[in-house]
Amino acid sequence: MSLWKKTTIVAVSALTALAVSACGSKPGSSDAPEQPSVLELLASDLKGSLQKTIDATDKTDSVTLTMKGAAGGEQISMQGVLDLGDPVKAEMTTTGPDGAPTTVRMIGAVVYVEIPAEDRASTGGKRWMKMDLSTVGEQAGMDLTKQFEDVDPTKQVKTLLASEGVTVVGQETVNGAATVHYTVTTPVATHLGQLDAELRSGVEKEFAKQGVKEIKIDLWVDEQYRPRRAGMVMGKMGDMVVDYTDYGKAVSIETPPPAETADFAEMLDGLKDLATQN
């Protein structure tokens, strides 16, 4: 199968801004108690700070991200934007094993992969390959649409709140921004508890198959209660680090025109018919 036929599923977390201002005391007032800085609050009021981050997430319209890591034994590098409306949309550029860039769009549960110009003859000149994950999920015995309903910008924050043993590593600078770094290593069961019931069974089986027993999550939050970096390590299944920038920047992610789109499911049906005839 050509490289462009491999579908990239982007699973990301993104959060929004909520500034904390110090209570006003009169300048020069020596007897007024000194108010803690935001970074000090992030480090000392762990649960409260994470909850504020979750509460603020609904106000996030978009975010730019850069993701690097490994999944399924392959190195992954992606850059792009998320539109956090309903449905969630994403446009990412990823580099394939041959070094060529590929653009992937996600509109809800439908993924569109840009076909390289040299391969478009096999699809009647169409520029995009469409894959409806609801159809793929039926064939795989899973409701993959639920996976994309659960693409929650606060997923890692919620997991941290649900976990025992979250610790503050300390203050660190991420891409020029002062942040507080949180970390936790949690049992697989805690992570599974954050998933939709219909998705959970399939993910649990995959974790068992890969021997994943625990998941390490790291999160870096800045002085405006915005995540600047998130990391996840899932044993041999892979590890990811995502950097977040440009919260609220206007983005436009459009569904490719039908005239420029080939349907992956229809292509498979055509191959099945051909095999039957032979």
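FYI, the numbering just counts along the sequence from 1.
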Is there a side-chain contact between Val104 and Met106 in this structure, where contact means two heavy atoms from C-beta onward sitting under 4.5 Å apart? no
Are Met129 and Met131 connected in a single hydrophobic cluster, I mean Ile/Leu/Val/Met/Phe/Trp/Tyr linked by side-chain heavy atoms less than 4.5 Å apart? yes
Residues two or more places apart in sequence or in another chain: which of them pass side chain to side chain donor-acceptor pair (under 3.5 Å) with Glu164? none
Out of curiosity, Thr173 OG1 to Gln171 CD, how far, rounded to the nearest 0.5 Å? 8.5 Å
Student check: side-chain heavy atoms of Leu192 and Val188 closer than 4.5 Å: yes
A side-chain contact here means heavy atoms from C-beta on lying under 4.5 Å apart; do Val166 and Leu46 qualify? yes
Minimum heavy-atom separation for Pro87 to Gly108, with atom names? CB-CA, 3.7 Å
Nearest-0.5 Å distance that lies between atom OG1 in Thr53 and atom CD in Gln224: 12.0 Å
Testing the basics here: between Ala70 and Gln75, what is the closest heavy-atom pair and its distance to 0.1 Å? CB-NE2, 3.7 Å
Ile76 and Leu65: same hydrophobic cluster, using ILVMFWY side-chain contacts below 4.5 Å? yes
Check side chain to side chain donor-acceptor pair (under 3.5 Å) between Thr190 and all other residues, then give those that pass, not counting sequence neighbours. Thr186
Residues Arg120 and Ile115: closest non-hydrogen pair is NE-O, 2.7 Å
State the CG-CG distance between Leu50 and Leu160, to the nearest 0.5 angstrom. 6.0 Å
I want to check something: taking the side chain as every heavy atom from C-beta on, are Val81 and Thr64 in contact at a cut-off of under 4.5 Å? yes
Mind listing the side-chain donor-acceptor pairs of residues 208-218 below 3.5 Å, one per line with the distance, residues two or more places apart or on another chain?
from: Gln210; atom 1: NE2; to: Glu206; atom 2: OE2; distance (Å): 3.3
from: Lys216; atom 1: NZ; to: Asp218; atom 2: OD1; distance (Å): 3.3
from: Lys216; atom 1: NZ; to: Asp218; atom 2: OD2; distance (Å): 2.6
from: Asp218; atom 1: OD1; to: His181; atom 2: NE2; distance (Å): 2.8
from: Asp218; atom 1: OD1; to: Thr183; atom 2: OG1; distance (Å): 2.9

Within one Ile-Leu-Val-Met-Phe-Trp-Tyr cluster: Ile107 and Leu84, side-chain cutoff 4.5 Å: no
For Asp243, the salt bridge (charged side-chain N to carboxylate O under 4.0 Å, His left out) test, sequence neighbours excluded, returns Arg229
Under the side chain to side chain contact (heavy atoms under 4.5 Å, CB included) criterion, do Leu161 and Lys47 qualify, and how do the steps go? CA-CA 7 Å; Leu161 276 174; Lys47 295 291 185 181; 3.7 Å; yes
Kindly compute the distance separating OH (Tyr112) from CD1 (Ile253), expressed to the nearest 0.5 Å. 13.0 Å
So do Val110 and Lys130 actually touch side chain to side chain, heavy atoms under 4.5 Å? yes
Would you indicate whether the side-chain heavy atoms of Met67 and Ser77 approach each other to under 4.5 Å? no
Atom pair OG/CG of Ser62 and Leu82 - distance to nearest 0.5 Å: 8.5 Å
When you measure from the side chain of Thr66 to the backbone of Gln79, do you find a donor-acceptor pair of N or O atoms at a distance under 3.5 Å? no
side-chain hydrogen bond (donor to acceptor under 3.5 Å, both in side chains) contacts touching residues 255-264 (sequence neighbours left out): none
Going hydrophobic residue to hydrophobic residue with side-chain gaps under 4.5 angstrom, can you get from Met234 over to Val184? yes
Scan side-chain atoms only and decide if Ser252 and Glu254 contain a donor-acceptor pair under the 3.5 Å cut-off. yes
Tell me the closest heavy-atom pair linking Arg228 and Ala177, and the distance in Å. NE-CB, 3.7 Å
Asp246 (side chain) donor-acceptor with Lys249 (main chain) under 3.5 angstrom: no
Are the side chain of Tyr182 and the backbone N or O of Leu42 linked by a donor-acceptor pair below 3.5 Å? yes
I'd like to know if the side chain of Glu91 pairs up with that of Thr93 as donor and acceptor (distance under 3.5 Å, no hydrogens or angles considered). no
Check whether Thr179 reaches the backbone of Glu172 with its side chain - one donor and one acceptor, N or O, closer than 3.5 Å. yes
Answer whether the closest heavy-atom distance between the side chains of Val180 and Trp220 falls below 4.5 Å. no
What is the minimum heavy-atom distance between Pro227 and Leu219, and which atoms define it? CB-CD1, 4.0 Å
Decide side chain to side chain donor-acceptor pair (under 3.5 Å) for Ser37 and Gln35; before the verdict, give the C-alpha distance in whole Å, the side-chain angles of both, and the deciding distance to 0.1 Å. CA-CA 7 Å; Ser37 69; Gln35 299 299 322; over 6 Å; no
Under the side chain to side chain donor-acceptor pair (under 3.5 Å) test, which residues partner Thr103, sequence neighbours left out? Glu114
Can you find a pair of side-chain heavy atoms, one from Val88 and one from Asp83, that are under 4.5 Å apart? no
Just by distance, do the side chain of Ser49 and the backbone of Leu41 share a donor-acceptor pair under 3.5 Å? yes
Is Ile54 reachable from Val168 through a run of I, L, V, M, F, W or Y residues, each pair having side-chain heavy atoms under 4.5 Å apart? yes
